[in-house]
Structures are given as structure tokens and as C-alpha cells.
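Order of the sequence lines fixes the chain letters, A, B, ..., with proteins taken first and strands second; residue numbering starts at 1 for each chain. All values reported here derive from a predicted model rather than from experimental measurement.
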Amino acid sequence: MQSVTVKEIYRETDQFLNQKVELSGWVRTVRSSKAFGFIEINDGSFFENIQVVFEESLTNFTEIGKLTISSALRIQGTLIPSPGAKQPFELKAEQIELLSLSAADYPLQKKRHTFEYLRTIAHLRPRTNTFAAVFRVRSVVAYAIHKFFQEKGYVYVQTPIITGSDAEGAGEMFRVTALDLAKPPRDEVGNVDFSQDFFGRIASLTVSGQLNVEAYCMAFRNVYTFGPTFRAENSNTARHAAEFWMIEPEIAFADLVDNMNLAEEMMKFIIQYAMDNAPEEMAFFNNFVDKTLFERLENILGSEFGHITYTEAVELLEKENSNFEYPVHWGTDLQTEHERYLTEKVFKKPVFVSDYPKGIKAFYMRLNEDDKTVAAMDLLVPGVGEIIGGSQREERLDVLQNRMKESGLSEEDYGWYLDLRRYGGVKHAGYGLGFERVIMYLTGMSNIRDVIAFPRTANSCEF
RNA sequence: UCCUCGAUAGCUCAAUGGUGGAGCAACCGGCUGUUAACCGGUAGGUUGUAGGUUCGAGUCCUACUCGGGGAGCCA
């Protein structure tokens with residue numbers, strides 16, 4: 001007898017209809033009567049379940065009628081058209097083998113649970129519809145990102161997780177050490193002596209692969225990293241996690257406009273790919289998580305992203321200052337309320353804000369001709385806020401050295417980074433895309449903890 | 001870290017300072033096409049923790065812990 005998956009049955013129904021098949025999976029619900037019953041089975045291969053019909057004639061009929069949710073079964077039967085309106089076909093069981101009986105205190109029930117509760121059982125929540133959909137989309141999108149860059153000839157660089165440099169000061173870093181924390185070695189003045197640590201120096205978990213990937217950009221022209229990053233910031237929001245994944249492309253012989261064009265093309269590719277390759281999951285999100293999802297995503301696919309410079313944005317926002325808790329003025333960073341106003345009220349679609357004051361941006365961003373702004377860009381999207389941050393990098397050695405001096409960074413720590421300018425450095429640009437924020441945007445899920453399998457946030461490292 | 005709201009049965013929620021309940025889940029039984037199946041019954045509680053006020057506290061007060069929403073920081 002042919003062993004099949006639920007996905008195969010749904011995708012190639014004609015091949016299996018009125019045929020004997022064998023199916024293995026887990027029980028989602030059981031509805032049993034005196035002489036017959038229904039079981040919904042999910043086998044993990046597909047978002048949808050398949051309904052199994054069983055009758056008294058089964059030798060283990062009574063046992064099957066008392067099955068607990070999440071028990072594992074192997075079923076042999078015939079796939080037939082279903083008389084019920086809610087499914088196109090069903091499996092009429094001829095034999096049901098109980099592979100594993102789930103304990104009766106299984107915590108997931110046939111009803112809605114709050115996301116907060118499901119977070120406390122993160123090891124079981126992928127068995128729910130919502131999380132099954134989230135994590136399949138996450139997988140599909142991860143593949144889409146590789147596909148997008150690989151098909152353009154980009155080289156995937158695996159930048160290090162453990163780093164000796166505090167890249168860009170992007171945030172507080174987690175220290176990596178093999179020292180005995182109860183009695184670490186001390187130097188003459190009593191400070192911890194990290195020269196005796198495993199790496200012979202202070203080491204941390206990376207906050208960004210950017211500086212490393214710039215080195216490979218100067219060899220391979222177009223490159224990207226895609227991996228985990230870590231921030232020890234004590235930020236308690238629905239958009240921040242201590243461990244999250246970033247995509248960081250870096251492109252050579254390219255400026256800020258090329259950078260923004262790449263970002264827009266990538267975003268559209270990802271959205272289209274998810275719609276095409278996880279249609280059941282995306283429909284679920286549109287129906288049960290965010291009713292405006294499809295409208296929003298289709299609007300994006302069919303329109304050009306907005307563009308506005310920081311200076312233009314400030315002029316525009318200043319007219320609305322009476323409506324803001326924090327008034328806007330040139331030189332300070334835009335607040336969340338200002339970003340939301342721009343992307344949700346003014347543009348009603350993703351918008352690039354570019355050319356920020358140099359004082360509020362990182363040292364490596366390229367200084368503009370006005371000497372006041374840098375070639376930086378953020379992509380703001382409705383609902384999520386900042387999803388991409390990027391810039392054209394400063395390729396002029398003397399300007400970069402000046403900016404480092406202004407930022408209080410020592411040249412010794414960044415010697416290798418300066419080498420990239422000395423030895424054939426050319427203009428280049430890149431950006432960082434928060435992977436989880438893309439997933440949130442694509443699914444309508446509103447908390448980053450619900451798009452990471454086992455989320456790590458301040459005061460939370462379960463599982 | 002700050003502001004704000006919350007924590008009661010396994011889950012989702014009720015309960016005027018005066019005897020802690022319901023729906024779902026579990027368990028037992030019934031039911032010939034169910035769709036969060038339905039119907040009947042049983043069992044289930046140190047009201048987040050520690051103090052305090054009161055004749056009496058789930059309810060009022062204080063601190064703490066955990067969680068939601070907002071802010072800062074950012075991706």
C-alpha cells in the first residue's frame with residue numbers, strides 16, 4: 001500500500017482518489033458516535049488536516065473512539081469524496097494502528113488559546129494552526145532570501161558569531177568568556193585580566209556581521225550574511241529580542257540609490273514568494289490574524305516604495321507638531337510616532353527615509369557633500385516600523401578616520417577595517433534587515449516572541 | 001529602564017469587604033455524517049508571592065515576581 005502525506009493528497013488529489021493509501025500523523029480532534037466517528041489528522045506535511053472516517057467494523061473501534069488529542073496513528077484506508085461540505089475528500093479507514101497514545105493532560109485544546117499562554121508551552125505550540133503557519137512561512141521566507149541573492153550571484157558569507165570587535169556600537173553586547181566568574185584573574189589595578197581568557201582578549205557575541213561582510217564585499221563584489229545576532233539591550237517591547245536573525249547584503253561599486261533599489265526588489269520578491277509558496281498559511285493569516293493582510297501586501301507588490309529625505313520629513317512633520325507628544329526638530333532622531341505617521345498616514349506604504357544628520361548615525365556611513373548629513377536610509381513599513389537600516393559606507397580613508405575620531409573610536413581597534421579603504425577600496429553600500437520583523441510584517445503577527453521558535457528576551461530564556 | 005493595566009480551576013473568564021462560580025478541557029455514560037460536534041453526569045481551588053488594614057480580604061493598602069499595552073534603544 002502506498003504511503004502518502006497529507007500534502008500529496010491535497011496537491012495531487014486525482015492520483016489518490018478512490019485508491020488505498022497509508023497515512024501517519026497526529027490526532028487534532030476526535031468526534032465519535034456509537035457506531036462511527038471522525039478523526040482529524042495532521043501529519044506535519046501540510047497546513048490543512050485530513051478527516052478520517054472510522055466505523056464499528058474496526059477491531060479496535062472502542063479504543064479509537066477514546067483517542068486523546070495529539071496521539072499518533074497509522075491509518076490504512078481509501079481516499080473518497082466527502083459528503084460533508086467542509087472538506088473535499090476524506091479517508092475511510094480500514095485499519096487504524098495506535099502508534100502512541102497522548103496523555104490526557106495534553107495542554108492544547110480544541111479552542112483558541114492566548115498567545116501569552118502558548119509562549120509558556122513553546123515546545124508544543126508548533127502543533128497549533130497559528131504557529132504551524134508562522135514557522136512554515138518563516139522557513140519558506142528564509143529560503144526565499146537565499147534564492148533571491150543566490151540567483152543574483154551574491155556570495156553567502158558566514159560571518160562569525162563570536163567577535164573581538166564592538167561593531168558600530170550597535171548595542172550592548174553579551175560577553176563570551178571561559179574565565180571562572182567566581183574568581184577571575186586580576187591585573188595589577190584589580191580589573192579582570194581578559195588577556196588570560198580563552199581568546200586572550202575580550203570577546204562578545206556579534207551584534208552585526210556588517211564590518212566582516214564589508215571585507216568580503218571588497219573581494220566578491222556582492223555578498224550577504226544571514227545569521228543570528230545578539231543584543232544585550234534591556235528593551236521590553238513586542239519588536240525586540242536578545243537573539244534574532246539578520247540579513248545583511250553588501251554591494252560594491254554601488255551607492256545609496258542602488259542600495260534602496262535592492263532593498264525594494266528584495267522585499268517584493270520575498271512577499272511574492274511567500275504568497276506563491278505558502279498560500280494556505282497566508283490565507284489563514286488573512287482570515288484569522290489580520291483581515292487587511294492581503295490588501296496590504298498586494299498594495300505593496302503593485303506600487304513603488306515612497307522616498308523622502310530626513311530633512312523633507314522633518315519639514316513635513318513640523319507642521320503636525322501639535323499632534324505629537326514629542327515635537328520634531330532637525331537634528332534629533334525620529335520618534336516611533338513620527339515614523340508611524342510617515343508610513344501609515346502620509347505614504348500609506350513602505351517608505352525610505354534617507355540622508356540623516358551625521359550626529360545620530362554610525363561612523364561608517366558616508367558623509368554627504370553638505371557635511372551635515374550621511375547617506376543613510378531606513379525603510380519604514382506600516383504596522384511594524386523600521387524594518388531595514390542601511391547606508392552607503394564611507395570609502396574615503398581620511399574622512400572615515402575623521403569620523404572615527406569624532407565618535408571616540410580608536411584606529412587600532414579598526415585597523416583591518418581601515419585596510420579595506422587603503423587597498424582598492426571603492427564605494428559600497430549595504431543594509432540590515434531584521435528577519436523576524438519581515439515575518440511579522442508578512443503574517444500580521446504582532447509580537448516578535450511569536451515568530452521565533454524559542455524566543456530569548458530580557459529575563460526570559462526558557463527551553 | 002520608565003509609564004500603565006493585569007494575575008481566581010488545566011484553559012478562557014465571572015464573583016457589591018460577608019458561604020469562590022460558568023463555559024471549554026479531563027473522567028463516566030448516551031447519540032447513525034460530525035465540523036470548536038451534540039446531550040446528561042462526576043471530579044477539579046493555599047484566588048501569583050510575602051506582609052498589612054479589618055469582626056471578616058479574591059476584593060482595600062505596601063513590596064516583590066511574572067505577563068499585556070505604550071515609551072526609550074534598535075533590526
Between [options], which nucleotide gets closest to the side-chain atoms of [X]?
X: A:K111; options: B:rG29, B:rC24, B:rC74; result: B:rC24
X: A:E233; options: B:rA71, B:rC24, B:rC73; result: B:rC73
X: A:H240; options: B:rG33, B:rG69, B:rC74; result: B:rC74
X: A:Q335; options: B:rG72, B:rC24, B:rC66; result: B:rG72
X: A:F36; options: B:rU32, B:rU35, B:rC24; result: B:rU32
X: A:E116; options: B:rG68, B:rC11, B:rC66; result: B:rG68
X: A:N447; options: B:rG10, B:rA71, B:rG68; result: B:rG68
X: A:Q51; options: B:rU1, B:rU35, B:rC74; result: B:rU35
X: A:R449; options: B:rC74, B:rG68, B:rU34; result: B:rG68
X: A:N459; options: B:rC66, B:rU32, B:rU35; result: B:rC66

Between [M] and [N], how far apart are the [atom1] atoms? Round to whole Å, please.
N: B:rC55; M: B:rC60; atom1: C1'; result: 16 Å
N: B:rC13; M: B:rA9; atom1: P; result: 11 Å
N: B:rA22; M: B:rG6; atom1: P; result: 26 Å
N: B:rG72; M: B:rC3; atom1: C1'; result: 11 Å
N: B:rU59; M: B:rA7; atom1: P; result: 11 Å
N: B:rG44; M: B:rU54; atom1: C1'; result: 32 Å

Exercise. Below 4.0 angstrom, N of the basic side chain to O of the carboxylate: do A:E280 and A:R11 qualify?
Worked result: yes
For this session: May I ask you to check whether over 12 heavy atoms, not counting those of A:Y417, lie within 6.0 Å of atom OH?
Result: yes
Exercise. Hey, is CZ on A:F454 packed in by over 12 heavy atoms from elsewhere, all under 6.0 Å?
Worked result: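 It does: A:F454 CZ has more than 12 such atoms within range.
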Base, sugar-phosphate alone, or nothing: which one does [X] contact when heavy atoms must sit under 4.0 Å apart?
X: A:L108; result: nothing
X: A:Y106; result: nothing
X: A:K92; result: nothing

For this session: Look at A:R31 and B:rU34 and indicate whether a side-chain polar atom (N or O) is within less than 4.0 Å of OP1 or OP2.
Result: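 Indeed not, no polar side-chain atom of A:R31 lies that close.
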Seminar exercise, completed: Taking for A:G389 and for A:A238 the nucleotide of RNA chain B with the nearest heavy atom, the one nearer the 5' end belongs to A:A238
Problem set entry | Under 3.5 Å on both distances, the Watson-Crick or G-U partner of B:rA71 | B:rU1
Exercise. What do you reckon, are the aromatic ring centroids of A:Y156 and A:Y224 less than 6.0 Å apart?
Worked result: yes
Problem set entry | Interatomic distance where CZ belongs to A:F324 and P belongs to B:rG70 [whole Å] | 18 Å
For this session: In whole angstrom, give the distance that lies between atom CG of A:L334 and atom C1' of B:rA71.
Result: 16 Å
Exercise. Do A:R296 and A:Y441 meet the cation-pi criteria used here (NZ or CZ under 6.0 Å from the six-membered ring centre, within 45° of the axis)?
Worked result: yes
For this session: Please work out which of the three classes, parallel, tilted or perpendicular, describes the rings of A:F288 and A:F284, given edges at 30° and 60°.
Result: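 Answer is tilted, since the angle falls between 30° and 60°.
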Exercise. Hey, does the side-chain of A:E55 have a donor or acceptor N/O within less than 3.5 Å of a partner on the base of B:rG33?
Worked result: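 In this structure, the two groups form no donor-acceptor pair.
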